[in-house]
Structures are given as structure tokens and as C-alpha cells.
Amino acid sequence: MTPEALPNHMIIAPILIPLIAGAIMLFYNDRNRQTKLLLGLAAVGLMFLSSVELLEDAKALNQEGGALVQLYRLGDWPVPVGIVLVLDRLSAMMVMLMALLAGPSLIYAAAGWHGKGQHYHSMFQFLLAGVNGAFLTGDLFNLFVFFEVMLAASYGLMLHGSGPDRIKAGLQYIAVNLAASLFFLIGVALVYGTTGTLNMADIARELTTLEDAQRLLFHAAAAFLGMAFLIKAAAWPLCFWLPPTYAAASPPAAAIMAIMTKVGIYVILRLSLLILGREAGASAGFGAPVLMIAGALTMAFGTVGVLGTPDLARKGGYIAIISSGTILGAIGLAQAGGGADLLGGALYYLVGSTAAVSAFFLISEPVSRNDTGEDEPHPHDEGASLHLAERWEWTPMGLDTVEDTPSPASTRTVSWLTMAICFSLIAAMLAGLPPMPGFVGKVAILRGAISQNIGLSGQLPVMLWVYTAMMILSGLGALIALIRFGIRRFWAQEGPAPRILALEIVPVVMLLGMLLLLTLRADAVLSYARDTAVALLEPATYRKAVLQDAARVDATPPENLAPIEPAEDEE
Amino acid sequence: MELILALAIGVLTGSGVWLLMRPRSYQVIIGLCLLAYGVNLFIFSMGRLYIGAAPIMPKGGFVDPTAYADPLPQALVLTAIVISFATTALFLVVLIASRGITGTDHVDGKERSQ
């Protein structure tokens with residue numbers, strides 16, 4: 001190997017830490033939940049530290065002007081043959097996001113959810129390992145394996161707590177994802193059949209020299225892969241599984257699953273810009289129109305959905321769909337030449353909206369619960385929908401229901417008020433209103449879209465306008481839906497406030513703190529996101545960094561039947 | 001051989017997709033199994049077809065690559081089989097739980113009123 005410094009072992013830490021922690025937990029009896037919780041928190045803390053380190057690595061390298069991308073060769077096999085982990089700015093950012101979201105979700109689970117079934121903490125850690133692996137891997141089949149690790153854990157988390165609703169939703173969730181995984185495999189096989197490699201950077205290199213017939217097959221492979229990832233990213237019309245699944249899952253599980261849609265988005269982002277980006281020759285921009293149109297339609301579908309459903313957790317699902325659509329559209333535009341500013345804004349928005357959706361799932365359960373501590377039997381399906389139907393009768397602004405409440409403040413508790421404030425802040429974030437990063441992100445996307453594309457007159461004008469309009473309209477839709485719910489729930493509802501545990505408020509406040517920090521440090525994060533976008537739009541850097549050793553291996557292929565010397569490539 | 005393999009993949013995948021669309025969960029799981037078989041065969045075929053060729057090379061690197069099958073698809077298939085087998089087994093558990101809790105094997109958990 002090239003005489004470089006020691007491999008950066010930190011790269012594998014975000015995968016190993018949760019994997020080991022999850023495995024250790026299996027040795028404890030499931031009743032030792034406190035021990036497991038502490039172990040889990042320790043693992044998440046370590047993961048956070050390592051992700052900070054990785055982020056620093058990804059940034060520091062850039063400032064030197066050296067290689068942007070770090071490699072970790074698993075088993076030290078030479079590059080196109082062996083599996084590599086690749087650290088670049090994007091994967092460092094996503095791992096960081098994962099580490100930040102894991103903590104609040106785990107704390108929330110400690111409020112009692114982790115006791116509703118078995119092995120919650122182990123599955124949680126395996127989910128983290130799978131997601132981090134998917135972010136870090138540079139190999140397509142390895143990506144499939146990490147996807148499956150993540151999905152297998154998510155099936156368990158989704159079903160955690162059991163009950164008919166979860167099992168019904170879980171049946172469909174698992175069936176859809178199994179089918180999607182098979183699509184993924186077909187795509188991977190086709191990619192291998194046409195390019196003869198599974199290393200993402202190597203695929204990008206091989207693609208430029210493909211013959212036309214092979215290229216057609218490769219496009220079929222890309223379409224298959226795209227289907228698989230769009231199902232995971234919940235793009236319309238592949239997203240119908242998401243709202244019922246996330247609504248049925250227990251809140252902490254839904255909160256951590258909010259990032260799973262972003263794994264699909266991450267892979268689309270990575271592959272469409274690396275492999276089908278502007279340097280892909282005849283394949284450049286393949287799939288970009290699909291992404292743009294799917295993005296706009298997904299936002300439209302999510303908006304209609306969030307306005308149409310009275311159930312708060314389902315609204316969360318539709319909001320996750322809107323957020324996916326916004327970023328998918330931006331990726332499509334960027335792939336078609338939309339520029340780094342737009343993509344940078346979208347990346348910033350991705351971080352903020354994922355955290356907000358996560359917080360939304362955490363807050364939706366306590367806000368919509370009716371548990372006042374007075375041993376009221378939990379309302380079942382029909383009861384709950386009846387109850388909601390009553391609340392959804394039309395009254396002008398819902399204000400007249402307040403009139404005969406003697407003293408509204410008397411029935412409100414501090415925790416309930418905190419919830420109300422948190423809810424309104426999260427609603428503001430998801431609708432894209434000023435103090436929150438949703439606003440900053442959307443403005444950044446709009447500014448990128450307008451300054452770089454309208455000025456150049458003629459580049460993607462129609463789709464750009466549709467996208468911009470949908471982005472603003474979807475924010476408006478989310479705002480209307482959430483404010484209506486908020487007014488009815490926090491102002492206009494009689495009766496005592498539900499009982500809310502401090503453990504349920506703390507994680508929401510933590511996530512809100514992160515969101516506010518994202519606003520306060522918007523400059524730094526935006527410039528990081530913009531640099532990431534610049535790096536993503538120039539895939540040659542990634543390709544060269546990954547393949548720097550590859551040429552040497554390719555130099556001595558066994559060419560004919562003549563006996564050749566054993567290749568002495570590796571020491 | 002190409003024709004037979006292509007037909008096999010086509011028939012397995014076609015019936016798998018059809019069964020996947022059926023309203024009974026038992027049909028869905030069988031459909032997923034057939035689909036997985038089809039996909040696994042497809043992965044094999046993507047490493048090109050060889051007759052009577054081993055995928056593993058002898059020690060020493062004294063090799064004639066034309067005499068050996070591509071080992072990578074076989075490794076991929078092995079992984080894919082293990083993973084799809086495990087997830088299908090998990091699906092089976094959920095299916096049985098759903099059957100027990102809802103009292104019907106309809107995928108929506110509701111028996112269609114006749």
C-alpha cells in the first residue's frame with residue numbers, strides 16, 4: 001500500500017460502538033432496563049464524540065486543500081476488490097446528525113416505552129449501527145447489507161409494544177421493505193453485470209467507458225436502485241406505507257425512524273451526484289427529471305395529507321414526506337445543474353427538518369394523549385376517531401368553545417404550557433417560519449435557485465418554478481394544519497391537561513435547543529453545507545481519492561492462458 | 001441454458017409479483033419467497049453463465065481465468081439468501097401474530113364483507 005499514515009480507525013467507530021453496545025446488552029436480562037439504558041446512553045455519547053472527531057477530520061482536510069475524502073479499507077484489501085468505508089463531508093455530516101438524534105430518542109424511551117416489549121435497547125443500537133454503516137460505506141453491496149441491518153432493527157422497533165395497530169401496519173411495512181430490498185438486489189446485480197464492480201467510485205469510472213447496449217442495462221439498474229431508495233425515502237407514489245407505519249410505531253421508535261427516510265435520500269444524493277452527475281458522459285443527469293417531478297408531487301401529496309388527517313402522529317408522517325420531497329426535488333435540480341447554493345441550502349434543510357420531524361414524533365404522543373392520571377381506559381380505534389371527529393367539527397377559529405370555560409388557566413399545568421410552546425416552535429420550524437432553521441434552509445434553497453438559475457435564463461425554468469411554488473405551498477399547508485391542531489388542542493379544549501413526564505419534555509427541549517443552535521450558528525452550518533454541496537457536485541475528487549491505489553491493482557490482470565507469476569501486490 | 005434460466009427467472013418473478021399483490025398474507029409471503037428465488041438466480045446470471053467451472057481458484061495464482069466462474073456473484077447470492085431468509089422468517093412471525101390478533105389472514109387485518 002502507499003506509505004501513508006496509519007489508517008484512520010475512527011472511521012469505523014460509529015459502526016462498531018453501537019454494534020458492540022447492542023451485543024453486550026443481549027447478555028443482560030431484559031429486566032435490567034436501567035443498566036441497558038445507561039449502556040445505551042454511553043454508546044450514544046461515544047458515538048457522538050467519534051462523530052465530532054470525524055466531522056473535524058472531514059473539515060480539516062478540506063482546509064489544507066488536500067484530499068477531501070478518507071478511506072478505511074476493511075481487511076486492508078486493495079481498493080476495487082475489497083470493501084471500503086469512505087469518509088467525506090456528507091457522510092460525516094449525516095453520522096453527526098444520527099448521533100444527535102439518537103440521544104433524545106433514547107431518553108424519551110426511558111419514560112416507559114422501553115419497558116413495553118423486549119430488547120428495545122439492543123434493537124435501537126443495531127439500528128444506529130446499520131444507519132451509520134449505510135452513511136459510511138463506499139460499496140454498493142455493503143450498502144445493501146447495512147440497509148438490511150437497519151431495516152431488520154427497524155422492524156423490531158416498529159413492532160415494539162405490539163398491539164393490533166402496530167402489527168397491521170408492521171405487516172405492510174415489512175412487506176413493502178422486503179420487496180424494496182429485492183429491487184435493490186436486482187439493481188446491484190445489474191450494476192455488477194454491466195460495470196463489473198460494486199465500488200461506488202469504481203462504478204462512476206467504469207460508466208464513462210460503457211458501450212451503448214451496456215449503458216442501457218446500467219440505466220435499468222439505476223432505475224431499479226432508484227425505486228428501492230425512493231421507497232425508503234418515501235417519494236410519491238411509493239410513500240403510502242409511511243404515515244400508518246410511523247403513526248403506529250411507538251413515539252421514540254418513530255423519532256429515530258425519521259432519519260431512515262433520510263438514509264434513502266442520502267443514498268440518492270450520493271449515487272445520483274457521484275455516478276450520474278455531470279461527469280458521467282452520456283448518462284449525465286439520468287433520473288434528474290424523475291427526482292424533480294417526484295419531489296414536487298411528493299410535496300403536494302404530503303401537503304394534502306397533512307391537511308387531511310386529524311391524527312397528529314399521521315400528520316408527522318406526512319410532514320416527513322414533505323421534508324423528503326423538498327430535498328429530493330433539490331437533488332434533482334442540483335443534478336440537472338442547479339448549482340451548489342441550492343444543494344447546500346437543501347443539505348442544511350435536511351439537518352434541520354430531520355431533527356424537527358423527530359421532535360414532532362416525540363411531542364405528538366403526549367400532546368394528543370388524554371391520560372389525566374385518572375385511570376381512564378385508553379380509547380381504542382373507534383373511540384379515538386369518534387373523539388377526534390368531534391373535535392374536528394367546524395367552528396369559526398374554534399374560539400367559541402373557549403367562552404364557557406370559567407378559568408382556562410386553572411386546568412393548565414406548567415408541563416402542558418411547555419408542550420404548547422414546544423409544539424408551536426416545532427410547527428414554526430416545519431412550516432419554515434423565521435426564528436427556526438426551516439426558514440433559513442428554505443431561504444437558502446430559494447436564494448440558490450434564483451440567483452444561480454433565473455439569472456442564467458433558460459436553465460430549468462418550469463421545474464424550478466413548480467418546485468419553488470410547491471416548497472412555499474407545502475410550508476403553508478403544514479402551517480395551517482399544525483396551527484389548527486394547536487389552537488384546538490391547547491386553547492380550545494376543556495378538561496384537565498394530560499399528565500406529562502419530565503422525561504418526555506427533556507428530549508423535545510433538547511431537540512429544540514439543537515434547532516435553535518442551528519439558527520444561531522446558521523452561518524457556519526450553511527457554509528459547511530455549501531462546501532459539501534460543492535464537493536458533491538465535483539465527484540472527481542471522491543473518485544480519485546477512493547481509487548488512488550486502484551490503478552496499480554488493475555495493471556497486472558491475468559490476461560491469457562499462459563501461466564503467470566503469482567501477483568505480489570500486497571505485502 | 002440461457003433460455004431456461006431466463007424463463008425460470010421470469011416465471012419466478014412474475015408469479016412472485018402476482019402473489020405479492022394478493023389480499024391474503026400467506027400468498028404475500030409465498031410471493032416474496034418466489035421473488036427472492038428469482039432475484040437470486042438473476043444475481044447468478046449477472047456473473048455470466050459457466051458450466052462445470054468452480055468459482056474458487058487453486059493456491060498459487062497459477063490460473064486460467066476462463067476455467068473459473070466469477071466468484072463474486074456467488075458470494076453476493078450467499079449473503080442475499082441469508083438476509084432474505086432471515087427477513088422472510090421475521091415476516092412470517094409478524095404474519096402469524098397478525099393472524100392471531102386480528103383473526104383473519106387478510107393483509108389489511110379486516111375480512112372483506114361478502
Side-chain angles (χ1 to χ4, degrees), chain A residues 81 140-142 144-145 147-149 151-153 155-156 158-159 162-179 181-198 217 221 224 244 556-569, chain B residues 9 13 16-17 20-21 25 28-29 31-33 35-48 57 59-67 70 72-73 75-77 79-80 82-84 86-88 90-103 105-110:
Chain A
V81 182
L140 210 52
F141 197 80
N142 202 223
F144 169 75
V145 174
F147 246 83
E148 290 304 314
V149 170
L151 285 172
Y155 301 150
M158 198 262 135
L159 293 166
S162 199
D165 283 353
R166 290 197 184 118
I167 288 184
K168 269 192 269 178
L171 192 72
Q172 286 149 24
Y173 173 65
I174 298 176
V176 167
N177 276 295
L178 285 183
S181 300
L182 294 174
F183 269 62
F184 194 163
L185 275 179
I186 295 176
V188 169
L190 268 173
V191 166
Y192 181 73
T194 48
T195 62
T197 176
L198 288 171
L217 271 178
F224 265 108
T556 54
E559 276 175 358
N560 48 32
L561 306 187
I564 54 163
E565 289 302 310
E568 288 292 339
D569 282 336
Chain B
I9 294 173
T13 313
V17 168
L20 201 57
M21 307 289 173
S25 48
V28 171
I29 197 167
L32 280 170
C33 286
L35 206 52
Y37 293 151
V39 170
N40 288 339
L41 282 180
F42 183 72
I43 300 177
F44 263 126
S45 71
M46 278 298 121
R48 310 295 182 264
M57 298 189 176
K59 204 176 172 191
F62 188 82
V63 294
D64 165 13
T66 55
D70 188 347
L72 195 77
L76 300 189
V77 165
T79 318
V82 171
I83 290 178
S84 57
T87 43
T88 311
L90 184 101
F91 185 67
L92 186 66
V93 172
V94 178
L95 191 156
I96 293 170
S98 166
R99 173 73 180 81
I101 283 186
T102 61
D105 64 344
H106 196 278
V107 285
D108 287 335
K110 272 184 296 224

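The contact between B/Thr102 and chain A is made entirely by side chain atoms (from C-beta outward), counting heavy-atom distances below 4.5 Å. At a 4.5 Å heavy-atom cutoff, the contact between A/Val145 and chain B is made by backbone and side-chain atoms alike. For A/Leu190, the parts sitting under 4.5 Å from any heavy atom of chain B are the backbone and the side chain alike. At a 4.5 Å heavy-atom cutoff, the contact between A/Leu159 and chain B is made by side-chain atoms alone.
Considering every non-hydrogen atom in both A/Leu171 and B/Phe91, the closest pair reads O-CE1, 3.3 Å. Residues A/Leu185 and B/Ala80 approach most closely at CD1-CB, 3.6 Å, considering heavy atoms. Among all heavy-atom pairs drawn from B/Pro73 and A/Tyr192, the shortest one is CG-CE2, 3.7 Å. Between B/Leu32 and A/Leu182, the closest heavy-atom pair is O-CD1, 4.0 Å. The two residues B/Val28 and A/Ala175 come nearest to each other via the heavy atoms CG1-CB, 4.3 Å.
We find the CG-CZ distance between B/Leu76 and A/Phe144 to be 9.5 Å, quoted to the nearest 0.5 Å. Atoms CD1 and CD1, on A/Ile167 and B/Ile96 in that order, are 11.0 Å from each other to the nearest 0.5 Å. B/Ile83 CD1 to A/Phe184 CZ: the interatomic distance, rounded to the nearest 0.5 Å, is 10.0 Å. Atom CD1 of B/Ile29 sits about 8.5 Å away from atom CG of A/Leu178, to the nearest 0.5 Å.
The candidate from B/Leu90, B/Leu95, B/Leu72, B/Leu20 with the greatest count of non-hydrogen atom pairs under 4.5 Å with chain A is B/Leu72. Contact count against chain B (heavy-atom pairs under 4.5 Å) is highest for A/Pro164 among A/Gly163, A/Gly156, A/Pro164.
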